[in-house]
A.B. asks: 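Pasting a structure here, questions to come.
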Amino acid sequence: MSTSAILLALLGGLCVGLSRQLNGRLSVGTSPMVSSFWNHLVGFLALSTGGALIGAILFGGTVEALIPAGAFSAPGYAYVGGAMGVIFVAAGSWLIVRIGAVATAVFTIAGQMISGVLVDLVHSAGQIGWPSLVGAALILAGVALSQLRPRG
Amino acid sequence: MTQLARSRSYAVYAVAAFGAGCLLTAMLKCNAELAHSANALFASWAAHGIGLVAAIVLLLVLRQRPWRATAVKARIPLWAYLGGLSGAVTVIATATAANSVLGLAGTLALGLAGQVIFSLAADLWGLMGLKRRALTRYDLSALALIVAGSLTIILFAGRGA
């Protein structure tokens with residue numbers, strides 16, 4: 001049971017990379033924004049189909065399956081995430097053809113982790129534990145080291 | 001281009017990617033809020049729908065068409081349009097894994113590993129028609145430090161747990 005969970009979690013990560021690679025390839029013939037448009041169109045259709053299928057199996061095909069009761073109780077800003085995603089996907093395509101998959105992945109992860117630690121720092125009024133500080137220091141050291149790379 | 005100009009543009013790309021990562025934190029916060037009110041599948045479905053509308057608006061503003069001249073389009077393989085499908089699989093796989101014994105922290109840590117493994121293979125072999133890239137010792141050391149730092153935060157600081 002937990003083996004399948006481990007494989008699913010790994011698959012999730014692999015698909016993040018695969019998605020960026022595919023969108024990057026599409027952007028070469030078009031543009032990062034066009035690539036982001038197709039990413040959202042195809043993703044929306046896939047999730048609509050997946051949602052409808054899951055709904056049909058688990059809930060007998062009620063609307064509740066796709067749009068759960070609590071959907072409209074979310075704060076308005078929660079819906080802005082989708083628009084951020086468009087920029088995020090376009091940025092990934094723009095970057096991956098310029099600096100490659102590894103650099104795009106690690107600098108994005110670095111930004112995600114450091115901003116996460118900063119959010120925690122503000123929320124906890126400065127009371128964050130040593131793992132966050134050690135982790136952030138390691139990440140910043142990695143980013144600094146990458147900039148020493150000889151170019152040629 | 002001189003060596004200096006090259007590394008300066010590399011720094012610009014690194015900062016841009018770092019900024020995209022910060023944007024991801026804000027985006028995941030929004031999506032988590034939606035998932036909390038409804039569920040993970042709805043959150044991602046709604047985010048893709050809103051993203052689709054936002055993408056159409058941006059294309060109109062930028063005066064870009066979703067397709068180009070036939071000659072250019074012919075060189076784009078059909079599978080290159082499937083990035084969104086891979087994204088949808090990510091959502092379902094991670095939502096399922098996060099609800100298992102792994103929890104969110106375990107899912108994030110393994111997801112990070114999966115992403116790094118794929119990106120190494122992608123640069124090594126030039127997957128999906130993108131350029132092959134030789135990785136230097138600097139790249140690999142930076143990768144190791146960033147992964148170690150991220151795992152420290154995910155597993156020991158309880159970020160996301």
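Within every chain, numbering begins at 1; the chains are lettered A, B, ... in the order of the sequence lines, protein sequences first and strands thereafter.
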A.B. asks: With a 4.5 Å cut-off on heavy-atom pairs, point out which of A26(B), A54(B), A14(B) contacts chain A the most.
C.D. replies: A14(B)
A.B. asks: Is there a path of hydrophobic side-chain contacts, each under 4.5 Å between heavy atoms of I, L, V, M, F, W or Y residues, that connects L127(B) with V28(A)?
C.D. replies: no
A.B. asks: Quick check for you: to the nearest 0.5 Å, what is the distance between L110(B) atom CG and L8(A) atom CG?
C.D. replies: 10.5 Å
A.B. asks: Parallel, tilted or perpendicular: which fits the ring planes of H40(A) and H48(B), with parallel below 30° and perpendicular above 60°?
C.D. replies: tilted
A.B. asks: If I measure from the heavy atoms of chain B, does V143(A) come under 4.5 Å with its side chain, its backbone, both, or neither?
C.D. replies: both
A.B. asks: Using the rule given for side-chain contact (heavy atoms from CB on, under 4.5 Å), can you reason through L28(B) versus Q112(A), listing the C-alpha separation, both sets of side-chain angles and the distance that settles it, and then say yes or no?
C.D. replies: CA-CA 10 Å; L28(B) 292 179; Q112(A) 186 190 353; 3.5 Å; yes
A.B. asks: Distance from T152(B) atom OG1 to L133(A) atom CG, nearest 0.5 Å?
C.D. replies: 11.5 Å
A.B. asks: Grouping I, L, V, M, F, W and Y whenever their side-chain heavy atoms are under 4.5 Å apart, do V89(A) and L14(A) come out in a common cluster?
C.D. replies: no
A.B. asks: Rounded to the nearest 0.5 Å, what separation is found between the OH atom of Y10(B) and the CZ atom of R98(A)?
C.D. replies: 14.5 Å
A.B. asks: Between I153(B) and V134(A), is there a side-chain heavy-atom distance shorter than 4.5 Å?
C.D. replies: no
A.B. asks: May I ask you to test the M33(A)-L62(B) pair for a side-chain heavy-atom distance under 4.5 Å?
C.D. replies: yes
A.B. asks: Is a side-chain donor-acceptor pair under 3.5 Å present for Q64(B) with S31(A)?
C.D. replies: yes
A.B. asks: Quick one: name the residues clustered hydrophobically with V91(B), using the 4.5 Å side-chain heavy-atom rule over I, L, V, M, F, W, Y, and just say none if it's on its own.
C.D. replies: none
A.B. asks: Any link between V116(B) and L155(B) through a network of hydrophobic side chains (Ile, Leu, Val, Met, Phe, Trp, Tyr) touching at under 4.5 Å?
C.D. replies: yes
A.B. asks: Quick one: do I96(A) and L130(B) satisfy side-chain contact (heavy atoms from CB on, under 4.5 Å)? Show the steps, please.
C.D. replies: CA-CA 9 Å; I96(A) 200 168; L130(B) 292 187; 4.0 Å; yes
A.B. asks: Pairing donors with acceptors under 3.5 angstrom, does anything connect the side chains of S86(B) and S19(A)?
C.D. replies: no
A.B. asks: With side chains defined as the heavy atoms from C-beta onward, is the minimum distance between V15(B) and F107(A) less than 4.5 Å?
C.D. replies: no
A.B. asks: Can you classify the ring geometry of F156(B) versus W130(A) as parallel (below 30°), tilted (30 to 60°) or perpendicular (above 60°)?
C.D. replies: parallel
A.B. asks: Given that the side chain runs from C-beta out, which part of I128(A) has a heavy atom under 4.5 Å from chain B: side chain, backbone, both or neither?
C.D. replies: neither
A.B. asks: Measuring only between side-chain heavy atoms, which start at C-beta, is Q21(A) closer than 4.5 Å to F118(B)?
C.D. replies: yes
A.B. asks: Can you check whether R25(A) reaches P77(B) side chain to side chain, under 4.5 Å on heavy atoms?
C.D. replies: yes
A.B. asks: Using non-hydrogen atoms only, which part of A141(A) is less than 4.5 Å away from chain B: side chain, backbone, both, or neither?
C.D. replies: both
A.B. asks: Got L145(B) and I139(A) here, is their nearest side-chain heavy-atom distance under 4.5 Å?
C.D. replies: no
A.B. asks: Does one hydrophobic cluster hold both F37(A) and F88(A), with members joined at side-chain heavy-atom distances below 4.5 Å?
C.D. replies: yes
A.B. asks: Is there a donor-acceptor contact under 3.5 Å from the side chain of D123(B) to the main chain of G100(A)?
C.D. replies: no
A.B. asks: What heavy-atom pair brings A88(B) and G43(A) nearest, and what distance separates the two atoms?
C.D. replies: CB-O, 4.3 Å
A.B. asks: Checking the side chain of T94(B) only, and the main-chain atoms of G12(A) only, is there a donor and an acceptor separated by less than 3.5 Å?
C.D. replies: no
A.B. asks: Nearest 0.5 angstrom please: L85(B) CG to W38(A) CH2, how far?
C.D. replies: 14.0 Å
A.B. asks: Please give me the minimum heavy-atom distance between G81(A) and M27(B), naming the atom from each residue.
C.D. replies: O-CG, 3.4 Å
A.B. asks: Write down the atom of A78(A), the atom of C30(B), and the distance for their closest heavy-atom approach.
C.D. replies: O-CB, 3.3 Å
A.B. asks: For A17(B) and T104(A), which heavy atoms make the closest approach, and how far apart are they?
C.D. replies: CB-O, 4.3 Å
A.B. asks: Treat each ILVMFWY residue as a node, draw an edge where side-chain heavy atoms are under 4.5 Å apart, and state whether L95(A) and L143(B) are in one component.
C.D. replies: yes
A.B. asks: Are any of the side-chain heavy atoms of E33(B) and P75(A) separated by less than 4.5 Å?
C.D. replies: yes
A.B. asks: Check whether any side-chain heavy atom of S146(A) sits under 4.5 Å from a side-chain heavy atom of Y138(B), and report yes or no.
C.D. replies: no
A.B. asks: So, for I50(B) and A83(A), which heavy atoms are closest and what is the spacing to 0.1 Å?
C.D. replies: CG2-N, 4.2 Å
A.B. asks: Identify which of M128(B), K131(B), H36(B) forms the greatest number of heavy-atom pairs closer than 4.5 Å to chain A.
C.D. replies: M128(B)
A.B. asks: Minimum heavy-atom separation for V34(A) to P66(B), with atom names?
C.D. replies: CG1-O, 3.3 Å
